[in-house]
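A short worksheet on the structure shown next.
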Amino acid sequence: MSAFDDTKQTIEKAEQILYKTYNRFPVIFDHGKGVFLYDTEGKEYLDFGAGIAVCGLGYNDPEYTAALENQAGKLLHISNLFYNQPAIDAGEKLLAVSQMDRVFFTNSGTEAIEGALKIAKRYAYNRDGHGGHEIIAMKHSFHGRSLGALSVTGNDHYQEPFAPLLPGIRFAEFNDLDSVKALINENTCAVIMETIQGEGGIYPATEEFLKGVRALCDGHDMLLILDEIQCGMGRSGEMFAWQSYGVKPDVMTVAKALGNGVPIGAFLASGRAATAMVPGDHGTTYGGNPFVCAAADKVLEIFGTREIVAHVRQVGEYLWKKLDEFTAKHDCVVDHRGRGLIQGLEFDRPVAPIVSKALLENQLVLISAGTNIIRFVPPLVITEEDVDWMIEKLEKSL
Ligand SMILES: *Cc1c(COP(=O)(O)O)cnc(C)c1O
């Protein structure tokens, strides 16, 4: 039997076993090295998806892998009833690069959002002595699939089958300060937004908007929650995207590239938000265990020693130039947006999934965001030569 028949059979089997909430591409990846992936048939792919903006250091980085192996041989899990050194080390590094005051480790992005929402509610409860508070979120946002995170995700299609969701969520227009202002009342406790909208189509917040929302939050004693799960961890060309805006959030969420592939997220809080919740208010069995924290600690260490953020800025600029040229050459591409290594091309029609599929056949992994936009979120360690090769494949496929 050929390798191709093997793949076909395995996929058929998968469809009988796995709960079907995804339409997957017909590829089974086996291993990776650097910015390349290899499928079970031995075919090599250039990766511009990084497992949805997760594998910032690429695949099989020797130093990172050694750190996992070392921790696996010592202690995987101990629960949050006890202290563990990797959590303290990773936490210390995360606070240092974010200038936030406290961190809570979670298992995923959506759980980080749940924690952030709970801080907002707890903060307002402490402030007012009662519950029933409201949160302002953005249209076209994405914050995750658990019910709290889904409640602040501005996407009717994702929300509708699961209503009723959290009460008291109001949706404003992203980058429209007046639309935020109009939703504020005495019960509003927070504004939540992505600094750069990811799934919604790679829309960076304007400086005027983010500064304006910060001022509104200060004026009304509300918390500003910035979701940096996709755009954070160096991807924007800053360690966290908000750092280029001259504002600071009260609460920030991270995940995706924090663990480079092991499931870890975090919510971080500063100032008064950092003490809003008290013992008993929140918990997790796995969150912040020694294994995933050893991974995050090593990731953060490598960010320093290899100057990953400076690299992103440099290669991101190169990607920007190349994609601008590409946009100018092709009438079907109507917009080019983003920062650093989170960029998107918008087509004049809903062809993004078809483009992704065609690119995959040409051994390039590139994912879509919505139906009109293809999204460039490669490993942060890609080089200019990788960009050139990607553009070549893109030209060929189009
Ligand atoms: C991916 C993502 C999430 C959800 O993270 P999960 O780990 O999938 O739960 C939340 N917010 C943003 C901006 C994301 O990109």
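Counting starts at 1 for both ligands and their atoms, in listed order.
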Exercise. Tell me which protein heavy atom sits closest to atom 9 (O) of ligand 1, plus the residue, atom name and distance to 0.1 Å.
Key: T110 N, 2.8 Å

Quiz item: Is D281 reaching over with its side chain to a backbone N or O of V278, donor-acceptor style, under 3.5 angstrom?
Solution: yes

Quiz item: So which protein heavy atom does atom 1 (C) of ligand 1 come closest to, and at what separation?
Solution: K256 NZ, 1.5 Å

Quiz item: Is the side chain of Q85 donor-acceptor paired with the backbone N or O of D89 at a distance under 3.5 Å, no angle test?
Solution: no

Quiz prompt | ligand 1 contacted by I113 (non-hydrogen, < 4.0 Å) | solution = no

Exercise. For Q230, counting its heavy atoms only, list the atoms of ligand 1 lying under 4.0 Å from any of them.
Key: 15 (O)

Practice problem: Mind checking the CG-CD spacing from N84 to Q71? Nearest 0.5 Å is all I need. | Solution: 7.5 Å

Exercise. Using a strict 4.0 Å cut-off to heavy atoms of G109, name the atoms of ligand 1 that fall inside it.
Key: 5 (O), 6 (P), 7 (O), 9 (O)

Quiz item: Do any nitrogen or oxygen atoms of I229 come within less than 3.5 Å of a nitrogen or oxygen of ligand 1?
Solution: no

Exercise. Identify, for atom 11 (N) of ligand 1, the protein heavy atom at the shortest distance, and state residue, atom and that distance.
Key: D227 OD2, 2.7 Å

Quiz item: Which of these, L165, N155, I113, sits in a side-chain contact (heavy atoms from CB on, under 4.5 Å) with L150?
Solution: L165

Quiz item: Looking at D30 and K43, does any basic side-chain N land under 4.0 Å from a carboxylate oxygen?
Solution: no

Quiz item: What atoms in ligand 1 come closer than 4.0 Å to a heavy atom of E194?
Solution: 13 (C)

Exercise. May I ask you to establish whether K393 and W389 are in a cation-pi arrangement, using a distance under 6.0 Å from NZ or CZ to the six-membered ring centre and at most 45° from the ring axis?
Key: yes

